[in-house]
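First comes the structure, then the notes that go with it.
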There are 2 protein chains.
Amino acid sequence: MLNYTTSEENYIKAIYHLQKVDGMVTTNELAAELQSKPASITDMMKKLKAKKLLNYQPYQGFRLTADGTKVALGIIRRHRLWEFFLAEKLKFTWDEVHEVAEDLEHVSNKKLIDKLDEYLGFPRVDPHGDPIPDANGKIEISKKICITELPVNTISTVASVSDHSSEILELLEHKKIAIGTKVEVKKKFEFDNSMEIKINRQPAITISEQLAKNIFVNYGS
Amino acid sequence: MLNYTTSEENYIKAIYHLQKVDGMVTTNELAAELQSKPASITDMMKKLKAKKLLNYQPYQGFRLTADGTKVALGIIRRHRLWEFFLAEKLKFTWDEVHEVAEDLEHVSNKKLIDKLDEYLGFPRVDPHGDPIPDANGKIEISKKICITELPVNTISTVASVSDHSSEILELLEHKKIAIGTKVEVKKKFEFDNSMEIKINRQPAITISEQLAKNIFVNYGS
DNA sequence: AAATAAATTTAGGCAAATCTAAATTTATTT
DNA sequence: AAATAAATTTAGATTTGCCTAAATTTATTT
């Protein structure tokens, strides 16, 4: 595997994340994501196309090739392993790990990362609940689990709600819980199986067992 | 503390190491150390002088200011803590850690490094026996110990020889042992207190108790 | 003390990564 | 289907870090 500059890696990673939403990524989208200017994007797109990491025709948007996706998954693997290390071993809180991992992810020594993976016990998800690609770039497809199964202090997003009655929707609306909303379980009470959860990083609220049983979240998004 | 580029950090670090030998560092010395050209050195020296990290008068060589030394010790702290981490936690061998640490040392997040230090139990020397500066940049002065006290598999350098007779000099010359030579103890034999040591990473040789007792090495150089 | 050699600096150039402003292409309106 | 707006690309600069080649300064010889 060749080496890429920090700048190239940041572009590749951003394209990978944007691709998941639309199929095609546009110049302006990417400029907004990277907080840079459209002209800079065009420059780099030419370079990445020349390196065969990108399919790109002027004015038509772009997406990663198979090679480009492999590179992206390598960067994401490094990022998420470091996030896990920071949270698990150095006791960083979940909201502090991303920024530090943004720097560490660019140290691309395969042996380092594979040994780190082993040392951490081959974790499957990072502290935000996102899946960690393995040494071959294989990434687990997002699994849905009931929020009652979500480990305490893991961030996830609401994937679906099994009951579709107007009664549950009213309640969800009132509690500001929607598909895609970020949730974090803070406490589970054995007495009545109620739980305290945070919605979009707001102060914790309580939900009943009946409600919790109907909420499914991504475990590995 | 301000941030410096990877390139600036590599210059600062190299000057710090060269300074220990002479007092003043020259352009050619530094170019050789960094495998670059004298003209590049001059360019960077102007930049580091403007940042007040360096005392530099054209044609007169240079040395770090107090500020520059502080920066250097920060880099060396990061480098050696990562080396310790790689050897201790990820089970890298001593000869593999340097290269990887060369990259990791440039991630300069204070909280990361201080938490890493704590996680590792505040180690005082790296796997080569070099001292690790603390969070305030304080570095232990090199202690001399007899090679008989040096732990097995720790790299050190010869600091002095207590006997100055022509007989011992002949023997040292023959075994290629000199001041500054790198040594590593591989085995100690209780029967006659002889030991097997490696000199400059060459195949192990045997030295007698009488010789060993006269060789002093840096422990934390 | 001149002459020569060695070390160092200056001058000018190049590639990467960014930017602004102008030109071009594509999309949207009337 | 023109006209206008939006998105994108091109052209030309700038900064950083590096280089080569020429000029300059310092050190060493004869």
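Residue numbering restarts at 1 for every chain, and letters A, B, ... go by the order of the sequence lines.
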Notebook entry, point to check: In terms of the nearest nucleotide of DNA chain C, which residue is placed more toward the 5' end: A:T5 or A:Q60?
Noted result: A:T5
Item checked: Paired and unpaired positions of DNA chain C as dot-bracket, Watson-Crick or G-U wobble under 3.5 Å, | denoting a partner strand -> ||||||||||||||||||||||||||||||
Notebook entry, point to check: What nucleic acid atoms does A:Y56 come within less than 4.0 Å of, heavy atoms only: base, sugar-phosphate, or nothing?
Noted result: sugar-phosphate
Check: Considering residues at least two apart in sequence or located in another chain, which fulfil the side-chain contact (heavy atoms from CB on, under 4.5 Å) criterion with B:D103?
Finding: A:V107
Margin query: Does the structure place the NZ or CZ of B:K144 under 6.0 Å from the centre of the six-membered ring of B:Y219, at an angle of no more than 45° from the ring's axis?
Written below: no
Check: Under the side-chain contact (heavy atoms from CB on, under 4.5 Å) test, which residues partner A:D43, sequence neighbours left out?
Finding: none
Next item on the list: Taking atom types as modelled, find out whether A:S108 and A:N3 have a side-chain donor-acceptor pair closer than 3.5 angstrom.
Entry: yes
What pairs of nitrogen or oxygen atoms, one from the protein and one from nucleotides 19-22 of chain D, lie under 3.5 Å apart?
from   : atom 1 : to    : atom 2 : distance (Å)
D:dC19 : OP2    : B:K37 : N      : 3.3
D:dC19 : OP2    : B:S40 : OG     : 2.3
D:dC19 : N4     : B:D43 : OD2    : 3.4

Notebook entry, point to check: If you measure from NZ on A:K37 to CG on A:N28, what distance do you get to the nearest 0.5 Å?
Noted result: 11.0 Å
Note to self: Less than 3.5 Å apart, any donor N or O on the side chain of A:T93 or A:E96 sitting next to an acceptor on the other?
What the structure shows: yes
Next item on the list: State which residues pass side-chain contact (heavy atoms from CB on, under 4.5 Å) with A:E170; sequence neighbours excluded, sorted by chain then number.
Entry: none
Check: Do the rings of A:F62 and A:Y56 sit parallel, tilted or perpendicular, given the 30° and 60° boundaries?
Finding: perpendicular
Next item on the list: Take atom CG of B:L30 and atom P of C:dT9, then tell me their distance rounded to the nearest Å.
Entry: 11 Å
Notebook entry, point to check: Using a distance-only test with no angle check, is there a side-chain donor-acceptor pair under 3.5 angstrom linking B:H79 and B:D126?
Noted result: no
Next item on the list: Mind calculating the distance between CD1 (A:I41) and C1' (D:dT9) to the nearest angstrom?
Entry: 13 Å
Next item on the list: Specify the separation, in whole Å, of atom NZ of A:K49 and atom P of D:dT9.
Entry: 11 Å
Item checked: Separation of atom CD in A:E8 from atom C1' in C:dA15, rounded to whole Å -> 13 Å
Notebook entry, point to check: Between A:S7 and B:T42, which has a closest nucleotide on DNA chain C that is more 5'?
Noted result: B:T42
Next item on the list: Using the six-membered ring of A:F85, assess whether NZ or CZ of B:K89 lies under 6.0 Å from its centre and within 45 degrees of the ring axis.
Entry: no
Notebook entry, point to check: Are A:N218 and A:K143 linked by a side-chain donor-acceptor pair shorter than 3.5 Å?
Noted result: no
Checklist line | Gap between atoms CG and C1', on A:L34 and C:dC19 respectively (whole Å) | finding: 15 Å
Next item on the list: Could you tell me whether B:K182 and B:E184 make a salt bridge, using a distance below 4.0 angstrom between a side-chain N and a carboxylate O?
Entry: no
Checklist line | Rounded distance (Å) that lies between atom P of D:dT10 and atom CE of A:M45 | finding: 13 Å
Next item on the list: Please determine if a side-chain N or O atom of B:K46 lies less than 4.0 Å away from the OP1 or OP2 oxygen of C:dT10.
Entry: yes
Next item on the list: Quickly work out the A:M44 CE to D:dT8 C1' distance and round it to whole Å.
Entry: 17 Å
Check: For nucleotides 2-7 of chain D, read 5' to 3', which letter fits each nucleotide if B means a protein heavy atom sits under 4.0 Å from the base, S means only the sugar-phosphate is that close, and - means neither?
Finding: -----S
Margin query: What is the distance, to the nearest angstrom, from the CZ atom on A:F62 to the P atom on D:dT9?
Written below: 7 Å
